[in-house]
Protein chains: 2
Amino acid sequence: MQTTQYIDIETAAGLLKLLGDKTRLSMMKIMSEHECCVCELVDLFEMSQPAISQHVRKLKDSGLIKERRGGQWIYYSLNPDSPFHPFVLHILNELPSQRFKVDELEARGKRVCCD
Amino acid sequence: MQTTQYIDIETAAGLLKLLGDKTRLSMMKIMSEHECCVCELVDLFEMSQPAISQHVRKLKDSGLIKERRGGQWIYYSLNPDSPFHPFVLHILNELPSQRFKVDELEARGKRVCCD
DNA sequence: TGTGTATATAACAATATGCTTATACAATTT
DNA sequence: AAATTGTATAAGCATATTGTTATATACACA
C-alpha cells in the first residue's frame, strides 16, 4: 500500500534508523496518540531528562516532530507537514497503542505533569 | 493500514534498526524483486564480499530472508514465512524499485554472475 | 530581581556497528 | 586429489550511538 510518492531509499534508511530505537519508536507512537511534554516522557521511560532530550532532538532535527511552547513547557507531537509523515504513520499504525503506559503512570500516582 | 496483528514495539524497533542501513535496505528491496546470490550483491554494491556476507547474515539471523543452495552459489530472497514478512513488505512497498541498479550492472557489462 | 522548574547542550565513557584483512569451509572442475 | 571459485567466519580497527554527569538557558512567579 502506497501512500504518496516513493521515498528515496537512502532517505528511507535514515528514517528507519531513527525509528529503529525502542525509546524513539515508543515516543513516536505515543506522540501519534497525544502531544507530550518532555517531563511526561521522562516519567514514561524512566530515563534521565538529558537522555530523553537528546532523543527528542534527533526526532526534531529530522522534521518528524514539531514543538509548541506553552509557558515553561514544550510540547511535542508528530509533524503532519513532514514529507515523510505518511511513511512514518504507515509504520506507526502497525504498532500497538502505547496508551497503557500513560495509564500505568497515572495509576502509580505519577500524574502527567503538564496538562 | 494494518496487515496482520500488531508487532511488539521492541521487536519492531529491532526490525527497523535492521532495515535502517542503506545497504541492507537496498538489499531487501532487491531481494523482494528477485532472488540474489552474494556475488551479485557484491557487484551491485561495490562492496567487499565479507562486508556483504555480514549484512546478509544479519538479515538471515532475523529470519527475514531465506537461503537456497544451488551448486556453489547460495541464493537469498525474502522469507515469506517470517511472522514479520507483512510488516517488512509494507515498508518495502513504499520504496522505489532498485531494478535499475541491476540494469546498470548489466549495461556496464558486468553480467550477473549466477543465473 | 532572585529563585525554582523545565528543557537544552556539552563533555565524556561505554558499547555497538560496519568495515578491513586474513583465513576457513564447501562445492566444482581438472 | 589438487586447484579454483563462491561464501562464511574471525579478529581488529575506526566511527557512531547512547547513555551519564555537569552546566547552561528559558520561563514563571514571589
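These numbers come from a predicted model, not from an experiment. Just so it is clear: chains get the letters A, B, ... in the order the sequence lines come, proteins before strands, and each one is counted from 1.
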Taking B:S32 for its side chain and B:K29 for its backbone only, find out whether a donor-acceptor pair lies under 3.5 Å.
->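 Here the side-chain-to-backbone pair exists.
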
Counting only N and O atoms by type, is there a donor-acceptor contact under 3.5 Å from the side chain of A:Q72 to the main-chain atoms of A:G70?
->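 Not at all, since once roles are kept as given, no pair shorter than 3.5 Å links the two residues.
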
Identify, residue by residue, the members of residues 51-58 of chain A with a heavy atom below 4.0 Å from DNA chain C, and return them in order of residue number, or none.
-> A:S53, A:Q54, A:R57

Stepwise side-chain contact (heavy atoms from CB on, under 4.5 Å) test for A:M27 and A:L41 = CA-CA 8 Å; A:M27 277 181 176; A:L41 295 171; 4.2 Å; yes

Does any non-hydrogen side-chain atom of A:Q98 lie less than 4.5 Å from one of B:I9?
->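 When only atoms from C-beta onward are counted, A:Q98 and B:I9 do touch, with a gap below 4.5 Å.
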
Do B:K101 and B:F45 touch side chain to side chain, with heavy atoms closer than 4.5 Å?
->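 Yes, close enough: below the 4.5 Å cut-off.
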
Has [X] got a side-chain N or O lying under 4.0 Å from the OP1 or OP2 atom of [N]?
X	N	answer
B:K17	C:dT17	yes
B:Y76	D:dG6	no
B:S48	C:dC19	no

Send over the distance from A:F45 CZ to D:dT18 C1', rounded to a whole Å.
->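 Checked: the CZ to C1' distance equals 15 Å.
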
Grab the CD-C1' distance between B:E46 and C:dC19 for me, whole Å please.
->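 Distance, rounded to whole Å: 16 Å.
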
Given D:dG19, D:dA8, C:dA8, the nucleotide with the shortest approach to the side chain of A:P50 |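 For the A:P50 side chain, the nearest candidate turns out to be C:dA8.
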
Of the listed nucleotides C:dA10, C:dT20, D:dA8, the one nearest the side chain of B:E67 =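 Per side-chain heavy atoms of B:E67, the pick is D:dA8.
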
What nucleic acid atoms does A:K22 come within less than 4.0 Å of, heavy atoms only: base, sugar-phosphate, or nothing?
->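 No contact.
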
Nucleotide by nucleotide, 5' to 3', does protein get under 4.0 Å of the base (B), only the sugar-phosphate (S), or neither (-) in nucleotides 24-30 of chain C, counting heavy atoms?
-> --SSS--

Quick one: side-chain hydrogen bond (donor to acceptor under 3.5 Å, both in side chains) partners of B:T11, sequence neighbours excluded?
-> B:D8

Under 6.0 Å from the CD atom of B:E10, do we count more than 12 heavy atoms belonging to anything else shown?
-> no

